[in-house]
Amino acid sequence: MGDMVESSPVKAEVLQYEPTPCYPVLADPVAVGWAEAAGTLPAGTRVLAVDGPAVLDWAAVAAGLHAAFDGGRTRVEIADVRTAVRDWETVRRFTDSDELRDDPDFARLADGDLLGLMDTSALAALAGPDEGGVLRVLLGPGAALGDADVLWWVDLPKRYAEAAVKHGRGRNLAAPADEPPTLRRLFYIDWPLLDRHRDHMAGQIDRWIDVTDTVNPASIGGQALRETCRSLATRPFRTRPTFNSTPWGGHWGQETLGHNPDAENTALGYELIAPESGVLLGDDASRCVEVPFQLVVALSPVDVLGPAVYDMFGTSFPVRFDYLDTVGGGNLSVHCHPRPDDMRGVFGWPYTQHESYYLMRAGADSKVFLGLREGADVEAFQHSAHAADAHGTPFDIERYVQVFPAEAGQLYLVPAGTPHGSGEGNVVLEVSATPYLYSLRFYDWLRRDAADRQRAVHVEHAFRNLDPSRSGAAVARELVQRPRPLHAGDGWHEEVIGALPAMFFQVHRIAVEPGHAAEQQTDGRFHVLTVVDGQCAIVTTDAGHRHSVNYAETLAVPASVTAYRVHNPGPEPVRLVKAQVV
């Protein structure tokens with residue numbers, strides 16, 4: 001998540017919204033502090049591996065370990081695993097692609113594994129000789145690949161890593177200490193390799209340590225970690241929501257939900273984005289560990305996703321829910337997302353970034369930019385976009401791109417390759433495919449960033465991926481659909497509000513009258529729900545699990561839940577948006 005900029009606090013009435021949903025840890029209390037973690041190390045341990053992300057204060061981790069083990073052993077020796085990587089030029093060749101080698105913003109999503117970046121001989125030597133009374137600690141990304149007796153995993157939620165790199169702190173994976181870190185490598189190279197490594201080692205982790213606080217980290221045992229995550233895969237749960245700021249951001253997240261009141265704005269709200277979202281484990285937010293949502297999926301993929309979705313997507317959770325808040329902000333850029341061939345061949349992601357916009361709130365004169373105008377001169381559009389990028393020449397985007405009135409409760413479908421953007425004054429619930437880092441901008445209103453530079457656009461990428469068939473009257477007919485009835489019962493009904501043959505997920509809406517409940521079946525596929533109107537719903541499964549979900553909160557319902565009911569306990573009707581893979 002991006003850094004928060006201090007400003008005057010926002011004062012507004014806040015609806016009930018839980019920003020830190022927590023779930024109990026099974027079979028193990030949450031320990032706090034390095035000393036408590038150290039007390040769990042089995043007697044006779046000769047080599048301890050401490051693995052985790054590259055952008056982490058590893059010096060602080062080393063200091064905590066030294067302090068915790070002082071007096072308990074003859075000596076603690078720490079071996080920095082970062083010294084066992086291959087040379088930087090080799091690493092760069094291994095992780096760069098010809099198509100995007102010199103691209104300032106994008107890189108091909110890294111494939112392969114972390115071992116490919118390591119000097120295996122140097123790694124093997126780090127364990128050292130067997131010296132009585134000495135605890136050898138292999139410390140750093142890739143430590144689990146060494147010869148160790150016990151494996152601890154130290155983790156830092158990704159929002160902190162992004163903030164650190166934005167400030168020039170930390171190191172990219174396998175980079176030398178004097179190499180400035182970049183978000184480009186963090187997003188597209190470091191995170192995919194490290195996530196794959198962590199998921200592969202998940203069954204061997206002996207202790208999970210959340211080092212959000214490096215002085216007093218919270219931790220749980222590895223067995224408790226796995227049992228708790230597998231338990232979550234059988235019941236509805238929420239991920240920890242986060243908001244960050246951008247130059248176009250608004251203030252709905254602050255004023256309505258109470259998020260980050262001192263921030264510059266609450267532009268992007270991550271309700272559930274698998275590569276970044278976390279789940280809080282513990283009795284309350286003051287004493288809990290945060291684990292990646294993706295780890296829950298990796299440990300129980302069939303239970304979470306369902307067999308058919310697992311066959312299609314592997315352990316990648318393929319749907320995301322997030323907010324775009326422009327209330328009191330500005331227009332988003334007009335952009336598109338890579339079409340399938342480019343997404344696979346150039347960017348390296350196996351499925352593309354289809355999106356949809358559900359309007360939670362619309363300003364009186366707000367707009368949604370969507371699709372090309374009938375007969376739009378694409379060559380002139382591209383010339384104007386280049387001139388804006390290179391020379392700061394403004395142009396009227398509406399000469400080329402259609403504009404629709406922003407209508408609260410309407411869903412706008414955005415297949416890959418379709419030019420689109422939300423106008424100012426809106427709250428958009430994005431119900432979309434999981435890829436989220438590939439916004440190819442045609443035009444960004446000559447907006448300046450925090451360093452007073454014109455924000456980057458991606459004219460060549462954008463026009464290469466532009467789908468000219470998403471134009472004219474077909475846009476309104478195919479992408480701005482009217483609801484179609486699907487199921488109904490006593491006091492409730494469900495309707496399809498968005499479906500396209502080209503898109504692998506559908507968006508439904510469930511409406512429940514006060515005191516009634518909607519019957520739901522997962523049919524072997526996960527659901528994701530958000531309350532978009534009304535105060536609260538209660539989701540109860542056939543197995544007896546019960547979870548409340550308030551206005552604007554998002555709930556994951558694993559495929560293994562099978563049957564559940566959505567009850568409206570409030571005094572007014574409630575509506576929920578539901579997404580599922582088809």
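Atoms considered below: every heavy atom in the structure, side chains included; atoms not considered: hydrogens, waters and symmetry mates. Values in this document were obtained by computation on a predicted structure and should not be read as measured data.
- None of Asp149, Leu225, Leu151, Leu48 except one satisfies the side-chain contact (heavy atoms from CB on, under 4.5 Å) rule with Asp206; the exception is Leu151.
- Aromatic ring centroids of Tyr436 and Phe187 lie 6.0 Å or more apart.
- Taken from CZ in Arg230 to OG in Ser560, the straight-line distance is 13.5 Å, to the nearest 0.5 Å.
- Looking only at distances, a side-chain donor or acceptor of Arg136 sits under 3.5 Å from a matching main-chain atom of Leu126.
- Ring centers of His547 and Tyr23: under 6.0 Å apart, within the cut-off.
- Around atom NE2 of His200, no more than 12 heavy atoms belonging to other residues, nucleotides or ligands sit under 6.0 Å away.
- Taking CG from Asp449 and OG1 from Thr246, the interatomic distance works out to 11.5 Å, rounded to the nearest 0.5 Å.
- Taking the six-membered ring where the residue is Trp, His337 and His335 present perpendicular rings, their angle passing 60° and hence far from 30°.
- Side-chain contact between Val528 and Val557: absent, with no pair of heavy atoms (C-beta onward) separated by less than 4.5 Å.
- The CD atom of Glu36 sits 9.5 Å away from atom CG of Asn216, with the distance rounded to the nearest 0.5 Å.
- No side-chain heavy atom of Val319 sits less than 4.5 Å from a side-chain heavy atom of Gln580.
- In this structure, Arg441 does not pair ionically with Asp105, as no charged nitrogen and carboxylate oxygen lie closer than 4.0 Å.
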(request) Applying ring pair (Phe, Tyr, Trp, His ring centres under 6.0 Å), run through Tyr17 and His259 and close with a yes or a no. (result) CA-CA 9 Å; Tyr17 179 87; His259 253 291; 5.6 Å; yes

(request) Check step by step if side chain to side chain contact (heavy atoms under 4.5 Å, CB included) holds for Leu145 and Met118. (result) CA-CA 9 Å; Leu145 300 171; Met118 309 299 292; 4.1 Å; yes

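- With rounding to the nearest 0.5 angstrom, the OH atom of Tyr438 is 5.5 Å from the OH atom of Tyr188.
- The environment of Asp311 atom CG is dense: over 12 non-hydrogen atoms of other residues, nucleotides or ligands sit within 6.0 angstrom.
- Between Phe237 and Phe293, the ring planes are tilted. Angles from 30° to 60° get that label.
- Two residues are said to be in side-chain contact when any heavy atoms from C-beta on lie closer than 4.5 Å; Arg455 and Trp248 meet this criterion.
- With hydrogens and angles ignored, the 3.5 Å screen pairs no side-chain donor or acceptor of Asn260 with any backbone N or O of Ala263.
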(request) Apply the test side chain to side chain contact (heavy atoms under 4.5 Å, CB included) to residues Arg339 and Thr352: give CA-CA distance (whole Å), side-chain angles for both, the deciding distance (0.1 Å), then the verdict. (result) CA-CA 6 Å; Arg339 296 167 76 178; Thr352 199; 5.7 Å; no

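- Note: Leu115 CG to Leu123 CG = 7.5 Å, rounded to the nearest 0.5 Å.
- One finds a salt bridge joining Asp341 and Arg344 here, because a Lys/Arg side-chain nitrogen approaches an Asp/Glu carboxylate oxygen to under 4.0 Å.
- Nearest heavy atoms, Arg226 versus Ile205: NH1-O, 2.9 Å.
- Contact of the Val581 side chain with the Leu305 side chain is not registered, since no non-hydrogen atoms from C-beta on lie closer than 4.5 Å.
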(request) Decide side chain to side chain contact (heavy atoms under 4.5 Å, CB included) for Thr562 and Asp542; before the verdict, give the C-alpha distance in whole Å, the side-chain angles of both, and the deciding distance to 0.1 Å. (result) CA-CA 8 Å; Thr562 307; Asp542 272 6; over 6 Å; no

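- In this structure, the side chain of Ser316 does not engage the main chain of Phe313 through any donor-acceptor pair within 3.5 Å.
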(request) Run the numbers on Asp87 and Thr90 for side chain to side chain donor-acceptor pair (under 3.5 Å), then give the verdict. (result) CA-CA 5 Å; Asp87 68 272; Thr90 299; 2.6 Å; yes

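- Residues Pro181 and Leu186 form no side-chain contact, since every pair of their non-hydrogen atoms from C-beta on lies 4.5 Å or further apart.
- The side-chain heavy atoms of Val150 and Arg207, taken from C-beta on, include no pair separated by under 4.5 Å.
- Annotation for Trp34 and Thr214: closest pair NE1-O, 2.7 Å, computed over non-hydrogen atoms.
- Separation of atoms CZ (Arg82) and CG (Leu139) is listed at 7.5 Å; rounding is to 0.5 Å.
- Side chain of Glu77 to main chain of Val134: no donor-acceptor pair is present (N/O by atom type, distance under 3.5 Å, no hydrogens or angles).
- For the pair Asp28 (side chain) and Gly221 (backbone), a donor-acceptor distance under 3.5 Å is present.
- Counting only heavy atoms from C-beta outward, the side chains of Trp152 and Val61 never approach each other to under 4.5 Å.
- Applying side-chain contact (heavy atoms from CB on, under 4.5 Å) to Leu173 and the options Ile189, Val55, Leu114 leaves one that passes, Leu114.
- Tyr323 and Phe243 have parallel rings, their planes meeting at less than 30° on a 0 to 90° scale where 60° marks the start of perpendicular.
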(request) Could you go through the side chain to side chain donor-acceptor pair (under 3.5 Å) check for Glu271 and Thr554 one step at a time? (result) CA-CA 6 Å; Glu271 280 290 311; Thr554 297; 3.1 Å; yes

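- Thr266 and Asp325 share a side-chain donor-acceptor pair at under 3.5 Å.
- Scanning all heavy atoms of the two residues, the minimum distance from Val561 to Arg235 falls at CG2-CA, 4.0 Å.
- Side-chain N or O atoms of Asp210 include none that pairs as donor or acceptor with a backbone N or O of Ala218 at under 3.5 Å.
- With contacts defined as side-chain heavy-atom distances shorter than 4.5 Å, the pair Pro292/Arg198 qualifies.
- Between the side chain of Asp283 and the main chain of Pro24, no donor-acceptor pair closer than 3.5 Å is present.
- Between Pro435 and Trp349 the shortest heavy-atom distance is CG-NE1, 3.0 Å.
- A salt bridge is defined here as a Lys NZ or Arg NE, NH1 or NH2 lying under 4.0 Å from an Asp or Glu carboxylate O, and Arg185 with Glu179 fails to meet this definition.
- Closest approach of Thr315 and Pro301 over heavy atoms only: CG2-CB, 4.0 Å.
- Annotation: Arg101, atom CZ; neighbour count of heavy atoms from other residues, nucleotides and ligands within 6.0 Å is above 12.
- Between the side chain of Trp58 and the backbone N or O of Gly170, no donor-acceptor pair lies under 3.5 Å.
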(message) Please evaluate residues Phe347 and Leu100 with respect to the criterion side chain to side chain contact (heavy atoms under 4.5 Å, CB included), reporting the C-alpha separation (whole Å), side-chain torsions for both, the decisive distance (0.1 Å), and the verdict.
(response) CA-CA 8 Å; Phe347 297 104; Leu100 299 175; 3.9 Å; yes

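- Residues Val137 and Val76 approach most closely at CG2-CG1, 4.1 Å, considering heavy atoms.
- A salt bridge links Arg320 to Glu430: one of the charged nitrogens lies within less than 4.0 Å of a carboxylate oxygen.
- At distances below 3.5 Å, not a single donor-acceptor pair connects side-chain atoms of Gln204 with backbone N or O atoms of Met201.
- Arg86 places a side-chain N or O within donor-acceptor distance of the main-chain N or O of Gly116, the cut-off being under 3.5 Å.
- Considering Arg108, His458, His461 in turn, His461 is the only one that fulfils the side chain to side chain donor-acceptor pair (under 3.5 Å) rule with Asp103.
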